[in-house]
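A short write-up of the structure that comes next.
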Amino acid sequence: MRGDLRDYVERLLAHFGPRHWWPAETPFEVMVGAVLTQNTAWTNVERAIDNLRRSNALTPEGLSSLSTEEMQEAIRPSGYFRQKEKKLRALLKWLLGRHGGDIEKLRAGETDGLRRELLELWGVGKETADSILCYALTKPVFVVDAYTIRVLSRHGVVRRGATYDEVQESAHASLPRDTAYLNEAHALFVALGKEFCLSRSPRCAGCPLEELLPAGGLKQQN
DNA sequence: GCCCAGGTGGGTA
DNA sequence: TACCCACATGGG
């Protein structure tokens, strides 16, 4: 790794301040949001969450009580609504069937075991599993997402084409293994990504990490 | 009209 | 393993 990942996080913290993420009122709402936000803009997820709230469906029992059509209609604004309905059902089956819907008890569980269980669910991949672990179950896990990889590879902190596991291992090796810290770190990379490393066009003028860039300048693209 | 957004699963070589 | 592709809506 070229730069020290922790330097980047500290710099971002000084620039943006604490993010206090994830935007949700309950751990269950985090879980639902983690599924609905897959490859989807958060504004669209908010519409879906609002619909679910109006249907009293932001509890495991409430969401379960919706029919297929009702759930699909509520989450339609977040896109992929047929697939996401199936994904939410799989999550509910796990949560209610295997753990009695008891999120507090889940929080006391062992992180690696919970991660394996989540990854076995249809529709739950690494990012969704880690988001649930960190933001809903308060486990010290660094969430890697498109923003994180884009920012860190562009800045030469990880190699271009770095995989999810590589980025996560770097983060776990460089950052304090502390839930609140890792929560902030991920949120800060998202904040940076949204403002300065948008999509394929480098828009990095004024980037708060400029002083930490390698001498050769920005790594171009992805 | 076109590109993109806080991914994942399935198929093919 | 390494690519493809489908999945769907709303905003710029």
Side-chain angles (χ1 to χ4, degrees), chain A residues 8-9 12 16 18-24 27 29-52 68-94 115-137 139 141-155 158-168 171 179 182-204 221-222:
Chain A
Y8 280 71
V9 174
L12 289 172
F16 289 106
R19 303 281 83 200
H20 302 304
W21 227 33
W22 172 300
E29 189 178 327
V30 174
M31 295 186 186
V32 172
V35 169
L36 295 184
T37 196
Q38 290 175 3
N39 203 38
T40 300
W42 183 255
T43 51
N44 290 354
V45 178
E46 284 178 324
R47 298 165 186 268
I49 298 267
D50 287 344
N51 290 340
L52 292 173
T68 297
E69 292 71 25
E70 287 170 332
M71 196 187 299
Q72 289 186 353
E73 197 53 36
I75 68 176
R76 179 186 287 269
S78 70
Y80 307 118
F81 59 90
R82 295 184 193 87
Q83 291 212 336
K84 285 176 178 174
E85 192 253 348
K86 284 174 60 183
K87 295 177 181 187
L88 290 175
R89 296 285 179 198
L91 189 64
L92 285 169
K93 184 180 176 186
W94 171 76
R115 190 171 195 267
R116 277 192 295 274
E117 289 185 20
L118 285 165
L119 289 175
E120 284 175 8
L121 302 180
W122 189 88
V124 176
K126 289 171 182 173
E127 180 180 338
T128 305
D130 289 336
S131 295
I132 290 172
L133 288 170
C134 182
Y135 290 98
L137 303 181
K139 297 297 186 183
V141 172
F142 182 77
V143 180
V144 179
D145 61 15
Y147 288 129
T148 309
I149 294 183
R150 188 184 306 149
V151 167
L152 292 181
S153 60
R154 221 174 246 195
H155 287 233
V158 301
R159 70 177 183 87
R160 253 184 290 181
T163 65
Y164 189 103
D165 291 340
E166 287 172 359
V167 176
Q168 188 176 53
T179 299
L182 296 179
N183 175 323
E184 275 297 335
H186 172 237
L188 287 164
F189 284 123
V190 173
L192 179 73
K194 283 186 175 177
E195 193 165 347
F196 296 104
C197 292
L198 290 171
S199 94
R200 297 199 186 91
S201 54
R203 228 183 63 181
C204 298
Q221 313 305 331
N222 292 331

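In this text the structure is predicted, and so the values were computed from the model without any measurement. Here is how names work: the chains are called A, B, and so on, in the same order as the sequence lines, proteins then strands, and each is numbered from 1.
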- Task: Round to a whole Å and report the spacing from NZ of A:Lys84 to P of B:dG7.
- Result: 9 Å
- Task: Check the distance between C:dA8's P and A:Arg82's CZ and give it to me in whole angstrom.
- Result: 5 Å
- Query: Quantified in whole Å, what is the P atom distance between nucleotide C:dA8 and nucleotide B:dG10?
  - Reply: 14 Å
- Task: Determine the Euclidean distance between corresponding P atoms of B:dC3 and C:dC5; express it in Å to zero decimal places.
- Result: 15 Å
- Quick one: do A:Arg76 and A:Glu73 make a salt bridge, cutoff under 4.0 Å? yes
- How is A:Leu119 classified with respect to the nucleic acid when contacts are heavy atoms under 4.0 Å: base, sugar-phosphate, or nothing? nothing
- Message: I want to confirm an ordering. Mapping A:Asp145 and A:Trp122 to their closest nucleotides on DNA chain B, which one lands closer to the 5' end?
- Response: A:Asp145
- What integer distance in Å separates A:Leu36:CG from B:dG7:C1'? 12 Å
- Distance-only side-chain donor-acceptor flag, A:Lys126 / A:Gln168, under 3.5 Å: no
- Query: Taking CG from A:Asn44 and C1' from C:dA8, how many angstroms apart are they, rounded to a whole number?
  - Reply: 10 Å
- Query: Does B:dC4 pair with anything, Watson-Crick or G-U wobble, both distances under 3.5 Å, and if so, with which nucleotide?
  - Reply: C:dG10
- Message: Rounding to an integer number of Å, can you tell me how far A:Asp50 CG sits from C:dT9 P?
- Response: 18 Å
- Have a look at A:Tyr80 and say if it touches a base, only the backbone sugar-phosphate, or nothing, with a 4.0 Å heavy-atom cut-off. base
- Using a cut-off of less than 4.0 Å, is there contact between a side-chain N or O of A:Thr128 and OP1 or OP2 of B:dT8? yes
- Just checking A:Val124: base, sugar-phosphate only, or nothing, at a heavy-atom cut-off of under 4.0 Å? sugar-phosphate
- In whole angstroms, the gap separating P of C:dT9 from CD of A:Gln83 amounts to 12 Å
- Query: Does a side-chain N or O from A:Arg150 land closer than 4.0 Å to OP1 or OP2 of B:dA5, or not?
  - Reply: yes
- Message: Applying a 4.0 Å non-hydrogen cut-off, can you work out what A:Thr148 is touching in the nucleic acid: base, sugar-phosphate, or nothing?
- Response: nothing
- Message: Can you measure A:Trp42 atom CH2 to C:dG12 atom C1' for me and round it to whole angstrom units?
- Response: 20 Å
- Please report, rounded to the nearest Å, how far the C1' atom of B:dA5 is from the CG atom of A:Asn39. 6 Å
- Side chains of A:Val9 and A:Phe189: closer than 4.5 Å at any heavy-atom pair? yes
- Residue A:Ala41, side-chain atoms from C-beta onward, closest of B:dG10, C:dA8, B:dA5: B:dA5
- Charged N-O contact under 4.0 Å between A:Glu120 and A:Arg116: no
- Message: Is a donor from one side chain sitting under 3.5 angstrom from an acceptor on the other, for A:Lys87 and A:Thr128?
- Response: no
